[in-house]
Amino acid sequence: MSNPDRKPVRVVVLGGGTAGWMSAAGLAGLLGPLVEVTLVESEDIGIVGVGEATLPHIRGYVERLGIDEAAFMQATHATYKLGIDFRDFGRIGESYVHPFGTFGEEVAGVPFHHYWLEMQRQGRADEIGSYSLAVTAALENKFRPPTTDASLTSTYGYAYQFDATLFGPFLREHARKLGVARIEGKVVEVKQDGESGDVTALVLENGQQIAGDLFVDCSGFRALMIGGTLEEEWEDWSQWLPCDRAAAMPCEHVREEIHPYTTAIAMPAGWRWRIPLQHRIGNGYVFSSSFLSEDEACAVIAGAAEGTRLADPRVLRFRAGRRRASWNRNVIAVGLSSGFLEPLESTSIYLAQMAVTYLLELFPEGGRIDPRDRDEFNRLVDMEYDRVRDFLILHYHATTRDDSEFWNHVRTMRVPDSLQEKMTLWRETGRVEKYSDGLFYDASWIAVYLGQGLLPECHDPRTRLPDPDRIARALGSLQQAIRDETAAMPGHRDFLMSRAERLAAAP
């Protein structure tokens, strides 16, 4: 039990981007008087602005901090998101949606997709996406929040697509109301204790020293404390995820509808995104510099944009991987200073949120760090990054594309053993590796496996026990129910406008 007379733990957050303000707001909002949070940032250092597209977990963060969803969406020009539409990944001309929801229900202990596989073997099943309300609603540009009962309308979730450069400033105002102190300035020195090696203070250009008990490194790719001062090693994953550049460029809307989903289109040297916000479209080409130059990528994304460009293409450079330890001594890395994985599955903000959540659960009371808590934090963070890594690699490796050097490379490369084991389990049994926590459960893996043409050799034999006609009728009934529910939903744009006239400034 906490001691009410104990002084609050002094937490210093370095960096005012998305990860920095998520950390500051989360710690101040959920630990209250147990902490005294100070955030150091410099207006001269720009925000990378990754994470325009998010996962449903972000809703939990917004709700836990008591942030009004409408105010948040208005401030960040957000739209709703039901999934990601992947095009040309398994084979050119094919597409599938990875939904934030399920495909049918389990029957007699057998997951739905096994019945679908049996009916597909008999030639009596349509595309797996037609048995998902999230997929059907997304492709028809419909949106309504899910219900909380056990009906069909509770079988999906949603996330947001927003302007990431506005998310940090929005959180900053919220965090300052929670008591977070903001200090403007550039860090020129990191002071350490001579014996323990713990960081003791940050020294700014003007000589001011910011002392603390715990330091959160949100300094982005610079990783000033975790990578610089503490020299924590970076584990490079570019042998599996060779994309190391992104050319990003916003443009105006030219269509009446606003897709409630992100689009990822496979390209000869990577893939490009299309993210519809209220006021503009975000475009970008994630590519490998080993197969395409920056100038070529900029030309491609400029040519692919649908409306008038709002800025010239901007190139971001990165390297896939993570720190071997994200918590070293009394420094915890959150966001890009901890690791980076390309935004193919919109995981950047989730990974920052995940680290903040684990830090809250393992927070050192009184500032005294228990090495067991630190080890557990690092184990959990590593697990999350490793699983996301495997999931991303699957999108590249499970393909028949041989139309470019890039796709030949990723199709034929040796993948991590952990992914190889998952793929073998799927191929031989139709089963998905089970785990109780973390990101991407069965439906996500099934969406990508089937979407990229990776059909298993076998499936649950119990699916052959019921009368096949009965199964076929059940599948048909589910499709009809999904069509009926989708027809009853408002359009995505109409729903946005009806809630807060958020599209007043949109063309």
Side-chain angles (χ1 to χ4, degrees), residues 1-43 45 47 51 54 57-76 78 160 162-185 187 201-202 204 208 210-220 225 327 330-335 337-338 348-367 377:
M1 182 176 293
S2 60
N3 183 346
D5 297 326
R6 181 169 289 163
K7 292 182 179 179
V9 178
R10 298 171 301 166
V11 180
V12 179
V13 179
L14 174 59
T18 299
W21 285 110
M22 284 186 78
S23 300
L27 291 168
L30 300 174
L31 293 178
L34 298 178
V35 293
E36 179 182 282
V37 182
T38 301
L39 185 142
V40 180
E41 67 174 337
S42 170
E43 292 184 351
I45 300 175
I47 298 174
T54 62
H57 305 73
I58 188 68
R59 292 172 51 208
Y61 176 87
V62 170
E63 290 172 2
R64 286 187 73 189
L65 288 181
I67 295 173
D68 177 70
E69 183 185 68
F72 151 71
M73 293 188 69
Q74 195 163 27
T76 59
Y160 311 108
F162 56 68
D163 189 332
T165 62
L166 300 176
F167 187 44
F170 174 80
L171 284 178
R172 176 173 59 197
E173 297 310 309
H174 183 79
R176 294 177 75 167
K177 292 175 184 174
L178 294 172
V180 174
R182 176 188 179 276
I183 295 179
E184 168 71 27
V187 173
L202 303 180
L204 307 186
Q208 183 180 4
I210 317 298
D213 304 307
L214 205 64
F215 291 79
V216 182
D217 190 343
C218 300
S219 60
M225 289 187 284
W327 186 340
N330 64 337
V331 174
I332 298 99
V334 176
S337 58
S338 171
S348 292
I349 289 179
Y350 167 79
L351 290 168
Q353 179 185 345
M354 168 273 298
V356 175
T357 301
Y358 289 143
L359 176 57
L360 286 165
E361 294 173 357
L362 299 166
F363 193 81
E365 185 180 358
F377 177 90

Please name the residue in the list F162, Y61, W21, Y160 that meets the ring pair (Phe, Tyr, Trp, His ring centres under 6.0 Å) test with F167.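 Option passing the ring pair (Phe, Tyr, Trp, His ring centres under 6.0 Å) with F167: F162.
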In Å and rounded to the nearest 0.5 Å, what is the [atom1] to [atom2] distance from [X] to [Y]?
X: L31; Y: L360; atom1: CG; atom2: CG; value: 5.0 Å
X: E41; Y: C218; atom1: CD; atom2: SG; value: 11.0 Å
X: R176; Y: H174; atom1: CZ; atom2: NE2; value: 14.0 Å
X: L14; Y: T38; atom1: CG; atom2: OG1; value: 12.0 Å
X: S23; Y: Q353; atom1: OG; atom2: CD; value: 11.0 Å
X: R172; Y: L39; atom1: CZ; atom2: CG; value: 9.5 Å

[X] and [Y]: which non-hydrogen atoms are nearest, and at how many Å?
X: P8; Y: P33; answer: CB-O, 3.4 Å
X: M225; Y: D217; answer: N-OD2, 2.9 Å
X: V40; Y: I210; answer: CG2-CG1, 4.1 Å
X: F170; Y: A75; answer: CD1-CB, 3.5 Å
X: S42; Y: E184; answer: CA-OE2, 3.4 Å
X: P364; Y: V9; answer: O-CG2, 3.9 Å

Could you check whether any side-chain heavy atom of [X] comes within less than 4.5 Å of a side-chain heavy atom of [Y], counting everything from C-beta outward?
X: M73; Y: V62; answer: no
X: F215; Y: N330; answer: yes
X: V216; Y: V356; answer: no
X: F363; Y: L30; answer: no

So among L359, L178, L34, which one has a side chain to side chain contact (heavy atoms under 4.5 Å, CB included) with L27?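 Filter result, single survivor: L359.
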Donor-acceptor check, side chain of D213 to backbone of R10, threshold 3.5 angstrom: yes or no?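 Answer holds: yes.
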Parallel, tilted or perpendicular: which fits the ring planes of Y358 and F377, with parallel below 30° and perpendicular above 60°?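 Taking F377 first and then Y358, their aromatic rings stand perpendicular (interplane angle over 60°).
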